[in-house]
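Note that the structure is a prediction, hence the values are computed from the model and not measured. Sequential numbering from 1 along the given sequence is applied to the chain's residues.
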Amino acid sequence: MADYHVVGDPVPDCTGDYFEAGIYGGRPWYKQASENFCIWWEDGGGYWVISQSVGGYNPHWTKSGPAITGDYNFVPPSGGTPTVVLGPA
């Protein structure tokens with residue numbers, strides 16, 4: 001069962017199931033089942049990132065604060081609003 005699920009209307013499409021894949025920035029990071037995107041903690045900035053690689057920023061979305069769940073804000077050229085929820089949708 002997935003640790004987290006991403007829903008919403010992001011462009012490019014980063015929706016789907018995410019599974020814990022390791023530690024980065026002092027916190028677990030999560031890899032999409034299709035292995036196209038990941039969710040990771042930016043320790044220096046204090047925010048979560050959805051991007052195509054751990055430590056990578058293009059394309060990407062961010063969410064401030066310690067909670068991984070919730071709505072993420074796009075950073076161009078990304079678009080839409082992905083929402084991270086617990087487990088499968």
State the NZ-OH distance between Lys63 and Tyr72, to the nearest 0.5 angstrom.
6.0 Å

As an exercise, state the distance from CG of Asp43 to OH of Tyr24, rounded to the nearest 0.5 Å.
9.0 Å

Looking at Gly16, is its backbone amide N or carbonyl O close enough to the side chain of His5 to form a donor-acceptor pair, meaning the two atoms are under 3.5 Å apart?
yes

Evaluate the ring pair (Phe, Tyr, Trp, His ring centres under 6.0 Å) criterion for residues Trp61 and Phe74: first the C-alpha distance (whole Å), next the side-chain angles of each, then the deciding distance (0.1 Å), finally the verdict.
CA-CA 4 Å; Trp61 299 263; Phe74 72 88; 8.6 Å; no

So which heavy atom on Pro59 is nearest to which on Phe37, and how close?
CG-CE2, 4.1 Å

Determine yes or no for a side-chain-to-main-chain donor-acceptor pair under 3.5 angstrom, with Arg27 supplying the side chain and Pro66 the backbone.
yes

Quick check: closest heavy atoms across Cys14 and Pro10, and the distance to 0.1 Å?
SG-CG, 3.6 Å

Nearest atoms (heavy-atom pairs only) where Trp29 meets Val54:
CE3-CG2, 3.2 Å

Atom pair OG/CG of Ser34 and Asp13 - distance to nearest 0.5 Å
8.5 Å

Tyr30 and Trp48 aromatic ring geometry - parallel, tilted or perpendicular at 30°/60° bounds:
tilted

If you apply the rule side-chain contact (heavy atoms from CB on, under 4.5 Å), what do you find for Val84 with Asp71, and how did you get there?
CA-CA 7 Å; Val84 175; Asp71 293 340; over 6 Å; no

In this structure, which one of Asp3, Ile68, Ile23 forms a side chain to side chain contact (heavy atoms under 4.5 Å, CB included) with Pro28?
Ile23

All heavy atoms of Gly56 vs all of Val49, minimum pair found to be O-CG1, 4.3 Å

Using side-chain contact (heavy atoms from CB on, under 4.5 Å), reason through Thr81 and Asn73 one step at a time and then give a plain yes or no.
CA-CA 6 Å; Thr81 304; Asn73 300 305; 6.0 Å; no

What's the shortest heavy-atom distance between Gly8 and Thr15, and which atoms?
O-CG2, 3.9 Å

How long is the straight-line distance from CG of Asp17 back to CD of Gln32, given to the nearest 0.5 Å?
9.0 Å

Step-by-step side-chain contact (heavy atoms from CB on, under 4.5 Å) determination, Phe19 to Lys31:
CA-CA 5 Å; Phe19 300 86; Lys31 187 76 173 168; 5.8 Å; no

May I have the step-by-step check of side-chain contact (heavy atoms from CB on, under 4.5 Å) for Ser51 and Tyr57, ending in yes or no?
CA-CA 6 Å; Ser51 67; Tyr57 290 100; 6.0 Å; no

